[in-house]
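Input: a single structure, listed below in structure tokens.
This structure is a prediction, so every number in the text was calculated from the model and none was measured. Lettering of chains follows the sequences in order, A, B, ..., and the numbering in each one begins at 1.
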Amino acid sequence: MTPLTPDESRPLSEAIKQGNAKEQTTLKMTQISACINKKNITIIVFSLKLSIPSFTSTTIPINRHFSLESFQETCPNNYQHPKPMLKSTSRHQQQQTMVSLVKSSTHKPHLLQIQAHLTRSSLLQNPKFSLLFLSSLCSSRDLRYARLFFSQIKNPSSSHYNTLIRAYSSSNSPKEAFILYREMRQKGLKPDPISFSFVIKSCVKFRSVFCGLQVHGRIIRDGFLSDCLLLTTLMEFYSSFASREDACKVFDEMSQKDTVAWNVLISCYLRNGRTRDVLMLFDNMKNEGVCEPDDVTCLLVTQACANLGALEFGEKVHRYIKERDYGTARNLSNSLISMYSRCGCLDKAYDVFKGIGEKNVISWSAMISGLAMNGFGRDAILAFEEMRRTGVIPDEQTFTGLLSACSHCGLVNEGMEFLNQMSKEFGIMPNVHHYGCVVDLLGRAGLLEQAYRVIISMKVKPDATIWRTLLGACRIHGHFTLGEHVIEHLIELKAQEAGDYVLLLNIYSSTGNWEKVSELRKFLKEKGIQTTPGCSSIELKGIVHEFIVDDVSHPQKHEIYNKLDEINKQLKIAGYVAETTSELHDLGAEEKANALSYHSEKLALAFGVLVTRPGTTLRVTKNLRICIDCHNFAKFLSGVYNRQLIIRDRTRFHHFRDGHCSCNDYW
DNA sequence: TTAGGGTTAG
């Protein structure tokens with residue numbers, strides 16, 4: 001006999017049921033529920049034999065040993081034939097039992113019986129009890145009973161409304177919360193700050209800026225602007241509607257900003273693409289000393305570092321995590337794996353991975369994706385096999401990582417095998433991301449027709465990204481007829497972007513089709529389509545420097561351009577020849593070479609060479625795909641200037657060392 | 001026993 005703990009409430013009712021065969025027969029027509037609070041356990045036997053609800057209950061202190069005998073001892077008379085206890089027990093006990101019963105019962109007929117009984121009895125007229133009962137009903141997933149019960153209450157108080165509003169705000173019909181809020185105001189009842197925050201939350205959930213703004217106005221009029229928690233909810237509301245400025249305004253107006261408020265602000269910046277500012281906010285928090293960053297802050301900032309490829313800052317956050325003893329949190333570790341992988345720092349990602357005691361599917365998938373994006377496709381597959389051996393079940397994202405591993409390393413057969421395996425063995429239907437990897441895999445391998453057939457035959461609707469992937473493959477293999485065809489699909493989806501036309505231009509120019517080039521350029525000019533400027537960032541000593549094509553904004557611009565000229569000369573001596581096919585203009589060879597010189601990644605690299613010593617690692621992140629010329633440039637630079645280079649572009653990592661690229665090839 | 005806010009960990 002062992003003492004009971006709250007976790008054992010369910011096994012307890014099972015234990016009673018399984019007592020012995022005789023007991024089972026006796027209990028066949030009854031439902032047994034057990035309800036536990038800090039001190040006691042209440043066991044309720046609910047009988048279905050009688051036409052009106054009848055039950056008996058007993059309460060045992062939690063520290064006492066439980067057995068079927070002790071249960072029978074405490075209620076010897078009622079055990080076998082539960083009698084309607086509502087007639088014989090005190091009112092308080094009745095209420096207690098009813099509430100316990102509702103809380104532990106998920107059986108609909110019971111709820112209906114209880115409610116029918118309540119409607120007949122006088123219990124409903126007691127506002128305190130009706131509130132209790134309403135809140136019990138609200139804990140059920142199905143709010144229809146709560147709504148029905150609510151409609152039977154003659155004069156619902158604001159507490160009644162608040163209870164129901166709270167339940168609806170996190171339900172599948174959040175709009176009901178707003179409707180109830182309006183109704184209560186019409187009746188002259190005033191919501192308090194707590195119910196306001198539920199209403200705001202529901203506006204976020206049913207995506208209505210208009211309703212949310214109305215509520216904000218009312219909050220101002222009712223004078224609740226000093227409530228820090230309510231204002232945090234409002235910040236989240238503005239943040240979720242991409243109104244970063246409004247969220248900031250609310251933040252500034254807060255008299256007391258706690259860590260959660262800072263976290264909401266950081267999450268707002270992260271969500272709205274102001275990633276670099278997230279790092280600044282983290283520093284502000286630490287330096288101002290008012291609010292110490294917590295584990296959630298670290299999680300958010302880690303993601304920002306991953307997006308930026310800001311390794312040094314990420315390491316700083318990692319140190320902070322260790323200092324504050326957050327290191328054992330698996331979500332943080334998993335996020336760190338992703339951060340280090342996305343910064344091209346696989347050994348550190350692996351260190352974090354090794355340190356996780358119990359690795360879950362997310363830990364494994366993060367590691368697999370990390371290996372994949374850094375060009376270690378075979379190791380990603382080995383990791384997957386190891387994961388299977390440890391008994392972890394793969395999910396959708398595990399296969400995304402695996403398939404991208406195959407596409408990065410040109411493992412066509414393996415990739416097709418995994419695509420087959422995922423649905424057959426694991427029952428996971430390939431989604432658009434999985435197909436995207438397969439299209440990329442086939443496309444890069446030159447199997448363009450097969451890639452096209454995959455898109456046409458897949459069960460999910462092809463999105464713009466998947467067409468764009470195929471367009472990229474057309475660019476590699478100079479297949480302009482299929483490229484034109486793909487653009488048509490993108491136009492059909494109304495998703496064609498400037499970058500897509502640039503790819504098509506690249507296809508035309510790489511095949512020397514200058515007539516088509518000028519035709520398309522004319523078209524772009526007429527339509528006013530602006531191409532996205534290339535942008536590269538490099539992190540040095542914890543500071544992220546950004547460069548755009550032909551950038552002249554950097555304070556050290558003269559030194560950078562001089563350095564770039566010097567590098568160009570040196571690389572030419574080493575055998576570097578400017579590759580011009582990806583350039584848009586139909587220029588002379590000399591002009592082309594000049595036009596290529598100031599791509600943003602070259603500026604970032606020149607700056608890196610300028611301020612570091614030989615032997616260092618330079619990490620560059622680019623928003624678009626790196627062009628073949630810059631790829632060559634980097635390859636030569638890594639040898640001539642003795643720098644290890646890790647360039648992350650829109651699709652993958654490129655590692656360069658001693659004049660070689662880890663992929664051994666541009667693609 | 002009406003009872004609040006932030007993390008899409010990959």
For atom [atom1] of [X] and atom [atom2] of [N], their distance in whole Å:
| X | N | atom1 | atom2 | result |
| --- | --- | --- | --- | --- |
| I368(A) | dG10(B) | CD1 | P | 15 Å |
| K359(A) | dG10(B) | NZ | P | 18 Å |
| M339(A) | dG10(B) | CE | C1' | 14 Å |
| D258(A) | dG4(B) | CG | C1' | 12 Å |
| N307(A) | dA9(B) | CG | P | 13 Å |
| D227(A) | dG5(B) | CG | C1' | 10 Å |
| N272(A) | dT8(B) | CG | P | 13 Å |

[X] near the nucleic acid: base, sugar-phosphate alone, or nothing, with a heavy-atom cut-off under 4.0 Å?
| X | answer |
| --- | --- |
| S369(A) | nothing |
| D295(A) | nothing |
| Y161(A) | nothing |
| R342(A) | nothing |
| V296(A) | base |
| C138(A) | nothing |
| L265(A) | nothing |
| S158(A) | nothing |

Given the structure, check if the side chain of [X] and the base of [N] hold any donor-acceptor pair shorter than 3.5 Å.
| X | N | value |
| --- | --- | --- |
| N360(A) | dG10(B) | no |
| N263(A) | dG5(B) | no |
| T233(A) | dG5(B) | no |

To the side chain of [X], which of [options] is closest?
| X | options | answer |
| --- | --- | --- |
| I362(A) | dT7(B), dG10(B), dT2(B) | dG10(B) |
| D294(A) | dT2(B), dG6(B), dA9(B) | dG6(B) |
| A261(A) | dT7(B), dG6(B), dG5(B) | dG5(B) |
| V361(A) | dG10(B), dT7(B), dG4(B) | dG10(B) |
| A366(A) | dT7(B), dG10(B), dT2(B) | dG10(B) |
| R330(A) | dA9(B), dG6(B), dT2(B) | dA9(B) |
| L300(A) | dT8(B), dA3(B), dG5(B) | dT8(B) |

Decide yes or no for [X] and [Y]: does some side-chain heavy atom of the first lie under 4.5 Å from some side-chain heavy atom of the second?
| X | Y | answer |
| --- | --- | --- |
| K257(A) | L265(A) | no |
| F384(A) | W364(A) | no |
| R378(A) | E414(A) | yes |

Does [X] make a side-chain N or O approach to OP1 or OP2 of [N] shorter than 4.0 Å?
| X | N | result |
| --- | --- | --- |
| K201(A) | dG4(B) | no |
| R271(A) | dT7(B) | yes |
| Q303(A) | dT8(B) | yes |

| Distance, P atom - from dT1(B) to dG5(B), rounded to whole angstrom |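 Between the two P atoms, the distance is 16 Å.
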| request: Say whether, by atom type as modelled, one donor and one acceptor occur between the side chain of D395(A) and the main chain of T398(A) under 3.5 angstrom. | output: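 Between the backbone of T398(A) and the side chain of D395(A) there is a qualifying donor-acceptor contact (under 3.5 Å).
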| field | Test side chain to side chain donor-acceptor pair (under 3.5 Å) applied to Y320(A) and H318(A), K316(A), E323(A), R324(A), the passing residue | value |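 Of the listed residues H318(A), K316(A), E323(A), R324(A), the side chain to side chain donor-acceptor pair (under 3.5 Å) partner of Y320(A) is R324(A).
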| request: Evaluate whether atom CD of Q256(A) has more than 12 neighbouring non-hydrogen atoms of other residues, nucleotides or ligands under 6.0 angstrom away. | output: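 Atom CD in Q256(A) is not crowded, with 12 or fewer foreign heavy atoms closer than 6.0 Å.
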| query | Aromatic rings F399(A) and F426(A): how do their planes relate, parallel, tilted or perpendicular, breaks at 30° and 60°? | reply |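 Tilted, since the angle between the ring planes falls between 30° and 60°.
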